[in-house]
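Have a look at the structure below before the remarks.
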Amino acid sequence: MPGQFRYPISELKQISKKVEDLNIPGILIFGMPEKKDEVGSESYNDKGIVQKAIKAVKDNTDLLVITDICLCQYTSHGHCGLICDEKINNDETLKVLGKIALSHAKAGADIVAPSDMMDGRVGAIRKELDNNSFEDTLIMSYAAKYLSSFYGPFREAAHSAPTFGDRRTYQMESGNILEALREVELDIKEGADIVMVKPALAYLDVIYRVKNKFGMPTAAYNVSGEYAMIKAASKMGWVDEKKIMEETLLSMKRAGADIIISYFALEYASL
Ligand code: PBG
Ligand code: ZN
């Protein structure tokens, strides 16, 4: 996507300082491992790319560091969970997610953010963190994460599109609001500190309902396709990019988001 890059560790000092200088309070880190395998073992390597990135950012800034917890960037099949007979094995995946979260916490992450949508993962991660004296590491859960075509550009950048099937057995169907509320409720019961709705723009009603019903710190993820559409239309000269950016971010805030995760962060903060 225009304006978006995959950074090597050597550039993190510079970019994270820039983020801090613009008064953006925190960053969310995704990793691109050198090798992928069936079980995504690079994800919990204590010397892995995200683990190194956390240290690099923490050593150079006071930024809040949030890390993505999922398997899809690390598995050769591109699914967010372990596969057994072409099906997701939910409960085996929970053990791996706990290991990833612990290794990120050990590296210094302030918040871990599971984006996999396995059932029971918030509870499993909370338990693993607590058992290892990381009671103060928070969990921001992708509580209502919909199966969406707006993730296209991200998957291309992360080489994480599934090699077979799709994510509909774990991500939510876009017409369903009641399930979103049930998912959020479960995550809160399991110990989520912040709940997220994703994507944001086509799901403003979900953000609104979640914030009103639960009163929890609520995050909105302004995803890659939402960013890409605005960039593309403005490149064509069809819309005013800055104004549309501001208007869409404002709509998320108005809907009730306390936190907005956005590829526009640097640009918007620069304004
Ligand atoms: C995967 C993950 C996705 C995004 C963040 N984590 C995509 C997916 O579920 O395929 C999407 C982010 C974006 O589109 O900006 N766990
Ligand atoms: Zn995933």
Side-chain angles (χ1 to χ4, degrees), residues 1-6 27-33 36-44 49-50 66-83 88-90 92-94 96-97 100-101 104 111-119 121-122 125 139-174 180 183 187 196-203 219-232 245 248-249 252 257 259-267:
M1 298 190 295
Q4 301 300 322
F5 304 93
R6 295 177 302 209
I27 57 168
L28 171 58
I29 300 179
F30 289 88
M32 278 290 291
K36 308 192 186 218
D37 60 26
E38 274 289 296
V39 293
S41 45
E42 263 301 294
S43 60
Y44 51 85
I49 187 78
V50 171
I66 312 175
T67 57
D68 180 68
I69 306 290
C70 198
L71 278 175
C72 55
Q73 278 123 262
Y74 303 89
T75 49
S76 42
H77 46 73
H79 276 288
C80 302
L82 298 176
I83 300 287
I88 295 283
N89 188 328
N90 187 96
E92 284 303 312
T93 304
L94 298 185
V96 186
L97 297 171
I100 306 174
H104 289 183
I111 303 182
V112 294
S115 66
D116 51 280
M117 288 299 278
M118 298 301 124
D119 292 330
R121 86 257 201 241
V122 174
I125 289 170
I139 300 176
M140 174 168 82
S141 81
Y142 288 62
K145 177 173 176 180
Y146 284 92
L147 182 80
S148 168
S149 300
F150 284 100
Y151 307 146
F154 172 95
R155 289 182 189 174
E156 197 195 322
H159 302 157
S160 64
T163 54
F164 67 91
D166 55 34
R167 304 208 207 283
R168 74 179 61 244
T169 63
Y170 42 104
Q171 298 184 350
M172 295 188 340
E173 192 185 327
S174 69
E183 288 278 7
D187 282 7
M196 191 203 291
V197 174
K198 177 183 180 182
L201 213 44
Y203 298 85
Y221 195 141
N222 179 209
V223 301
S224 58
E226 300 171 6
Y227 173 88
M229 288 196 308
I230 292 176
K231 285 285 172 187
M245 164 178 71
T248 51
L249 291 172
M252 294 162 207
I259 298 168
I260 299 175
I261 296 153
S262 178
Y263 299 93
F264 281 121
L266 283 172
E267 240 177 291

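Everything numeric in this text was worked out from a predicted model, so none of it was measured. Both counts, for ligands and for their atoms, begin at 1 and track the order of listing. Side chains included, hydrogens not; waters and symmetry mates left out as well; all remaining heavy atoms used.
Relative ring orientation between Phe30 and Phe154 is described as perpendicular, the plane-to-plane angle rising above 60° on a 0-90° scale split at 30° and 60°. Ring orientation note: the planes of Tyr203 and Tyr146 are close to parallel, at an angle under 30° on the 30°/60° scale.
Between Arg121 and the options Asn90, Thr93, Asp187, a side chain to side chain contact (heavy atoms under 4.5 Å, CB included) holds for only Asp187.
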Requested in this report: Step by step, work out the side chain to side chain contact (heavy atoms under 4.5 Å, CB included) result for Tyr263 and Ser224.
Outcome: CA-CA 7 Å; Tyr263 299 93; Ser224 58; 4.1 Å; yes
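Summarising the local packing, CD of Glu156 is surrounded by 12 or fewer heavy atoms from other residues, nucleotides or ligands at distances under 6.0 Å.
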Output block, N or O contacts of ligand 1, threshold 3.5 Å exclusive:
{"from": "ligand 1", "atom 1": "6 (N)", "to": "Lys198", "atom 2": "NZ", "distance (Å)": "3.4"}
{"from": "ligand 1", "atom 1": "9 (O)", "to": "Lys145", "atom 2": "NZ", "distance (Å)": "2.9"}
{"from": "ligand 1", "atom 1": "9 (O)", "to": "Arg167", "atom 2": "NE", "distance (Å)": "3.4"}
{"from": "ligand 1", "atom 1": "9 (O)", "to": "Gln171", "atom 2": "NE2", "distance (Å)": "2.8"}
{"from": "ligand 1", "atom 1": "10 (O)", "to": "Arg155", "atom 2": "NE", "distance (Å)": "2.4"}
{"from": "ligand 1", "atom 1": "10 (O)", "to": "Arg155", "atom 2": "NH2", "distance (Å)": "2.7"}
{"from": "ligand 1", "atom 1": "10 (O)", "to": "Arg167", "atom 2": "NE", "distance (Å)": "3.0"}
{"from": "ligand 1", "atom 1": "10 (O)", "to": "Arg167", "atom 2": "NH2", "distance (Å)": "3.1"}
{"from": "ligand 1", "atom 1": "14 (O)", "to": "Ser224", "atom 2": "N", "distance (Å)": "3.3"}
{"from": "ligand 1", "atom 1": "14 (O)", "to": "Ser224", "atom 2": "OG", "distance (Å)": "2.7"}
{"from": "ligand 1", "atom 1": "15 (O)", "to": "Ser224", "atom 2": "N", "distance (Å)": "2.8"}
{"from": "ligand 1", "atom 1": "15 (O)", "to": "Tyr263", "atom 2": "OH", "distance (Å)": "2.6"}
{"from": "ligand 1", "atom 1": "16 (N)", "to": "Ser115", "atom 2": "OG", "distance (Å)": "2.9"}
{"from": "ligand 1", "atom 1": "16 (N)", "to": "Lys145", "atom 2": "NZ", "distance (Å)": "3.2"}

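Between Ile49 and Gly31 the shortest heavy-atom distance is CG2-CA, 3.9 Å.
The SG atom of Cys80, the Zn ion (ligand 2) and the SG atom of Cys70 define an angle of 110° (nearest 10 degrees).
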